Every structure is written in C-alpha cells, then in structure tokens.
Amino acid sequence: MKKILSSIAAGVLLASFVAAQPERRYTVIDLGTLGGAYSNGFGINALGDVAGAAATPAQTDGFAATAILWSRHKGKIGPTSLGVLGPPHFPACPTCNSDAAAIDAFGGVAMGSEIATLDPNGEDFGQFDPPSPTHRITRGAIWRNGAMTLLPNLPGGNNANVFWANDLGQVSGFAENGIIDSSCSQVTPFQVQRFQPVIWKPNGEIQRVLFPLTAKGDTVAFALTINDLGETVGASGLCATTGLPPASIGNSSATHAVLWGADGSVTDLGSLGGAANIASSINNLGEVVGTAQSPKDGTLHTFRWTQRTGMLDYGSFPGAVATVAGCCHTINDAGEIVGFTIEPTNPYFGRAVIWQGTKPKDLNTFVREPGPFVQLTGAFSINDSGEIVCQGVTTTGELHACLAVPNIGAAADEIVSPLALQFGTYVPLNYDAREWLRRRAGMPLP
C-alpha cells in the first residue's frame, strides 16, 4: 500500500513539474547494434536502462535479431547481448531469434526467444522474422545477471511471449491455451491455437491467468503493459480478427480495448466508433493510451482513457494513416505520451511523435542538432524522467535504436530528473547520477 500511495503522489508531482517547464529539447544518443546494421529499443526502466533487439553480423534481412540490454554505469551506456534460450533448458540454437521487451528496476529483463524445436502445428507464434517464418516454438523468459528463468506455458499450449515488466518484477504477456481454432490463421498466419493473457511472478511462476470478454463473445485476448499496481491493458476479440503481437497486430481488428484489474476483473474501455481498438499502455495513475479506428475515415488514432473521462480521441498526425501510441509504457506518470506514425508519402514511412495536449507533434522538431540521425521514425517507451526509447535512420543510412534525453533548465545540456524530485533533492540526471538514484531508492548497484 505504501508503494501504491507513493506512486500516485509521485505521478501528481511529475505531472505538475512537466506542466511548469518550458518546451523540452532532446539530445539523441545512438544505442548501436550487436555488429549488424539495425536495432530497435522496446522498453526503458526508471534508471534509463533500455531493452530491445539488435542484429549481429549474421542477421542481415532487417528482421532477424538478438535480445539486447543497453545499461548505464559510470558515465557510459553499453550493450549486453542476452542471447537466446538454449542449454540447460533446450538444445543450442545459434540461428534462433530473440528480443528483450522490458527491464524492471532491479535488472530483470523480460524477453521472448525462439528455441530449436519446431512447432508441432507449424505455427510461427513469435513472428521474429516475418519474411522468412522459422516455425520454431517461442518461449518467454526472465534474464537476470546472466542467467535465464524459463516462464511456464499454459496447459496444452506450446508457445508464450512477453511484453512488459513492471518495477515489482511482474511480467505481462500471453500464451496459448491448448484450444484449437482454425479461424486464427485468418489474421495471424499459421496460428492454430487460441491465446490469453498471463501475468508471471518475478520468480517466473504464473501469478494470474486473465480472460477475454467472454460475455461479449470474445475468444482470445493479449496483454501488453502492466503497471506497478498490477493493472494490465491489452485487447480482446475473436481469434479470426485479433492479430497476435507483434507482427500481426497491424492486421488486427480486435473489437475491444480492455483493462484488467489487479484482481483479474476485465473492463471494456469503449471505442471511438470504429471496429478496431487496442489498449497498449497504462501508467500508475490508471491512465490508459492505445489505438482506435476513427469511423470518419478509417484511420487509426491514439486515444487516452481515464475512469473519469472515458475514451478521448487524441488525434492523428496530418497525412498519417495511423498515429500510434504503441507498446509498451508509452505514457508515463506525468502524462507524457509518445508514439509513431505510418505515412505512405513519408520517405521514411513514418516519424516519432510526442503529444502536447491532445495533439501529436513531430518529435524530430524538438531534437537538438546536429545529431547522429537523419530522422527519428518511432518512439516506443518513455520513463518518468521523460527519457524516450526511439528508433531512427542514421546519417549512414542504418536503422538504429536510440535514446532521446530531455534537456531542460538554464543550461542547454542540463538534464533535470523529475524522478529525483520525489526524493526531495535537485539532481541533474546525467549518467553518473544513476548510482545516486539506485542508492537512494535502496537498489543494488549494477
């Protein structure tokens, strides 16, 4: 209860702090790769550590990748390859793919990985390499200090995947449940079994199995972000229309954006009047963002939902067919929202966006120049310090993960942490301040 109350109080403080600040500018850091030509960041924790996926020299098709952790220590940010699931759990698989979805406050990384075993139903559950389906089984795991804890599947299912980890170490994701449904392949190629959300404990055990909106006839659901209060958001619908993340989510017309309470109860968040609705992120104040179809022109808009206001349309970027506050944790406790667009006429197909009020703005216009990127193409997570996990086209033409660090204060390169204010002390949030934050929060040093 103490942590919950402090989280709510911190959220109110952060929102007030951000509202009082001048317009932010960002310094963008190229996070690099594992020796290949591309990478992507997915999640960031309060300490600025980033989880994602990056190409090795052998992974060259633009999709195949290996889970990676970019962590900060003594003024530097550096990569660690997390590899794939192999011995002692499974046979070695040097050509398998993996990705890291999120990292908790204590260094536990939620990740998904192919294993050497082929799926007995010919599925491609993880969709790590859409142009070249591997049809290998996908399993979830927690990586911590070089060791992996395998996450159990649901009875009868072969596959599971994870998408977020909160600061308590709880992991949200979804798993097959053993129910055969031939309609699933209509939207997710090769998929045979139904799936439903799962919450795993920090030690890897299943804590709770969540359910779709069965009262409305839904048969499947997936969970994306879980907050520190155990509230989880995602989508619910029919297997024939609810695309399985990550790759097939773009084809999804899941009927219901949903919120599961910490007790497992499920709430339909409504719609903007269109057919497709997905809730992707929730902060510790219970504010939800996601994507919903506009009935006016069929484009996808970002929405913001609260219990008081219901679902509000947060608009679309001019010229975009989709303006997405995607997965995961794309709204922080200060209410800042980030995402990306899909624009057929954009030479890079899309751009990273940040919301100011109810309107999305091009994040590129707030970046300090010169920088290592020609254009930021997406923003995928934001922490309470306002640091944004992004991806961009580098000046050498490669697609790399990046970190956009807010610059606010009297000096152009002064980085001030709203997170530090909840401890009652002004702290410039440079990389060396991470150790101070860890000590003050009672966390072990890396």
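Residue numbers run from 1 in the order of the sequence given. The model shown is predicted, which means the values in this text are computed figures rather than measured ones.
R136 places no side-chain N or O within 3.5 Å of a backbone atom of S113 that could act as its donor or acceptor partner. Without hydrogens or angle criteria, Q375 side chain to G350 main chain gives a donor-acceptor distance under 3.5 Å. When atom types are taken as modelled, the side chain of T341 and the backbone of T323 share no donor-acceptor pair closer than 3.5 angstrom. Proximity of a side-chain donor or acceptor of Q59 to a complementary backbone N or O of N97 within less than 3.5 Å is not detected. Checked by atom type and distance alone, the side chain of R139 pairs as donor or acceptor with a backbone atom of L151 at under 3.5 Å. For the pair D384 (side chain) and N332 (backbone), a donor-acceptor distance under 3.5 Å is absent.
In terms of the salt bridge (charged side-chain N to carboxylate O under 4.0 Å, His left out) criterion, E123 has no residue partners (sequence neighbours excluded). The side chain to side chain contact (heavy atoms under 4.5 Å, CB included) search around F42 returns N40, A53, D99, not counting sequence neighbours. A search for side chain to side chain donor-acceptor pair (under 3.5 Å) contacts involving D313 returns H301, not counting sequence neighbours. Listed by chain and residue number, L213, K216, H256 satisfy the side chain to side chain contact (heavy atoms under 4.5 Å, CB included) test with D268 (two or more places apart in sequence, or in another chain). Taking E343 as the reference, R351 meet the salt bridge (charged side-chain N to carboxylate O under 4.0 Å, His left out) condition, with sequence neighbours excluded. Not counting sequence neighbours, T255 has no partner by the side chain to side chain donor-acceptor pair (under 3.5 Å) test.
Note on ring orientation: taking the six-membered ring where Trp is involved, the planes of F125 and F174 are tilted (angle from 30° to 60°).
Using a 3.5 Å distance cut-off with no hydrogens or angles, the side chains of S281 and T330 do pair a donor with an acceptor. Checking T27 against N407 by side-chain atom types alone, a donor-acceptor pair falls below 3.5 Å.
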